[in-house]
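Quick note: numbers below take in every heavy atom, side chains included, and nothing from hydrogens, waters or symmetry partners. Just so it is clear: chains get the letters A, B, ... in the order the sequence lines come, proteins before strands, and each one is counted from 1.
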Protein chains: 2
Amino acid sequence: MVTIYDIARVAGVSAMTVSRVINDTGRISEATRKRVRQVMEELQYVPNSNARSLVLQKTNILSLLIADIANPFYTTLARGAEDAAKRLGYRLLFGNSDEDYGKEKDYVDMILSTRVDGVLFAPAGDGSAPHLRLLEQHRIPYVLLDRDVPGIQADRILGESRDGARRLVEHLIGLGHERIALVNGSEDVSTARERHAGYRDALKLNDLPYDETLVRHLDYSDGFNPSDLDPLLALSSPPTAIFAANNFLALGVIQSLRERGLAVPDDLSVVCFDDLGFASILSPFLTVAAQPAYQFGALGLERLVDRIENGDGSGPRTLILPAELIVRSSSRKRER
Amino acid sequence: MVTIYDIARVAGVSAMTVSRVINDTGRISEATRKRVRQVMEELQYVPNSNARSLVLQKTNILSLLIADIANPFYTTLARGAEDAAKRLGYRLLFGNSDEDYGKEKDYVDMILSTRVDGVLFAPAGDGSAPHLRLLEQHRIPYVLLDRDVPGIQADRILGESRDGARRLVEHLIGLGHERIALVNGSEDVSTARERHAGYRDALKLNDLPYDETLVRHLDYSDGFNPSDLDPLLALSSPPTAIFAANNFLALGVIQSLRERGLAVPDDLSVVCFDDLGFASILSPFLTVAAQPAYQFGALGLERLVDRIENGDGSGPRTLILPAELIVRSSSRKRER
DNA sequence: TCGATTTGAGTTATCGGTAACTCAAATGTA
DNA sequence: TACATTTGAGTTACCGATAACTCAAATCGA
């Protein structure tokens, strides 16, 4: 590998002069600068960022830890983070925890040893708290994305889960539905709790009873099981609409319904949180509360860099991004 | 930050002893080992991988450069690479070129300065050749994924594009279609050329004429424009089926058709290369040639690590992974 | 013209690890 | 008992960059 010492020798200057040319610091005569530049070009010199990081105590690397790389919400978020990172001069080290605390811990260890300057952290759930504490102990700034973690004080970019859920359910109520099921993920995750709360809000605001038998909690990390819907469909008074708490759950619901010969929206309406990305043009055209995923990534990264470069003068700041209700054709008026 | 010198001081040993305990090398008495371990625990020591990389001339980081993070093919591939990397003890630095040579070049520069041990490279297209040469000049091993690049000799994991395309088109021919359109991406990409060739193969094998007016090349990097299909639909003898050369193009085709009031498969059949990931259960249930995306990532990473750890004794090796024809309901018998 | 300042560099130490070499004490052997 | 070997460390140099300090030559001002 070519080093600044190679450049220095060939150009007949000291290594420090080469370093100054690279970083455009100090006083260098135009002639020297030109000569050094030319030698760097000839030898195809590329700075060793490890060496630089070691002495500068700054890597210019940020880490983005997402919970599911297969989910369009997170990939869109990742793109937002990536664009912002490039714009602000940082490299981005991705990690995908797959909603698994074990994998998440492995990534945190890697983050610590890599000495990244900061972390954009979409936690797997409440169990991520120890991992966040670890970052704090090592004074690595981080910003929480999408999910809140109880007991953790930090900058956060959150969605309007509760209100978005309320609006989705009120949309169904407005269509005449009264028996509305909630298919939710694990309540170990803040967004699931919020969406559950929003679901109850909508019912209460419209004087509908909250019926626990209409609420299912599914741990879909190891796949959606069609029989998971059995308890709902076997009710003496089954639901006429289903609110799925995220896009994956919605797809599982749709597939399960189809396997039973039930059509969406003809037999049941289905709505969900989060859009489907590039697949949203496919049928059933899901009615969703779409979150600005790109903004989660971009704004989160900007906040993180602000923390890194301007210190932590202010306390934790929380940014709530609105969800947009997109009414498509997966939800329709209740047949009476 | 806690360093081995801090550990050494507290434990009353030399830094080298700490290093030996960490790496389990040299001879250390059990008592010393235990004491050092305890101090490391107490001070929450985490090794600085920058410093280690600097002296070892090895980072234990691999880079994965994909062409589109929004495409399920690449995200599935990424997961395969990630799992394999973890299994083999490497960290993975993601990059997303967005099918853009400029962004790709930026990532290559970053890769060079990070001194990664190797690169999994899904090139944007033929124009990636200079970037690959750059890697070669700096002796960074890489494996090409999914797309071949003319003039480049390297390990490659490729799909069965030509044969897969042939099978898809013969599937349509078998359903009675004779006017089959090809909606392809830029021929700057090897897979587009291969799929075009497979399309011609199928026609020739079945004594159908090759009609240039049925072939469209779209640069969909800045979105699919519904009017792109006009020339096809305005033909005096319009197609009864469309072969879209990848999943994104298929979605664009489906949307364009719908905007014209044409239904799939009632009015036209549509088939495509690559599956849709989690959205494949949505309608129209696309008939596809599905590629083993996860294997692209996993096998590619294994090949790369083999190169890194066992040198380049053998010449470039190419692995061709088969595509699986999945017949769903977006294609049906031609109405006569 | 001569000291003061500016310009354009070079020297040295350091970041946090590890390889290679060294060496005293403990242990083994004849 | 005396010497050889093994054990369990410590010392030193180096990876490739930069900060801080130094310093001779060029330029400047009175």
Quick check: on DNA chain D, is the nucleotide nearest B/R35 upstream (toward 5') of the one nearest B/L54, or the reverse? Name the residue that is more 5'.
B/R35
Looking at C/dG10, I'd like to know if its phosphate oxygens (OP1 or OP2) sit under 4.0 Å from a side-chain N or O belonging to A/S14.
yes
Are the side chains of B/N48 and A/R115 in contact, using a 4.5 Å heavy-atom criterion?
yes
Just verifying a value: how many Å separate A/L120 CG and A/L92 CG, rounded to the nearest 0.5 Å?
7.0 Å
Separation between CG (A/D188) and CZ (A/R147), nearest 0.5 Å, reads 9.0 Å
Whichever of B/A51 and B/R33 has the more 5' nearest nucleotide on DNA chain D, that residue is B/R33
Please tell me if B/Q57 has a side-chain N or O lying less than 4.0 Å from either OP1 or OP2 of C/dT18.
no
Report for the helix from C/dT1-D/dA30 to C/dA30-D/dT1: angle between first-end and last-end helix axes, five pairs each, rounded to 10 degrees.
40°
Just verifying a value: how many Å separate B/D117 CG and B/N60 CG, rounded to the nearest 0.5 Å?
6.0 Å
Is it the case that the base of C/dG17 and the side chain of B/Y5 share a donor-acceptor contact (distance under 3.5 Å, atom types as modelled)?
yes
B/R27 side chain near D/dT7 phosphate (N/O to OP1/OP2, under 4.0 Å)
yes
With salt bridge (charged side-chain N to carboxylate O under 4.0 Å, His left out) as the criterion, how do A/D109 and A/K105 come out once you've worked through the C-alpha distance, each side chain's angles and the decisive distance to 0.1 Å?
CA-CA 6 Å; A/D109 286 342; A/K105 173 62 161 60; 3.0 Å; yes
Expected rows: protein N/O vs nucleotides 19-23 of chain D N/O, under 3.5 Å:
none

Would you say C/dC15 has OP1 or OP2 under 4.0 Å from some side-chain N or O of B/N48?
no
For residues 104-158 of chain A, which residue pairs pass the ring-ring contact (aromatic ring centres under 6.0 Å, His included) check, not counting sequence neighbours?
none
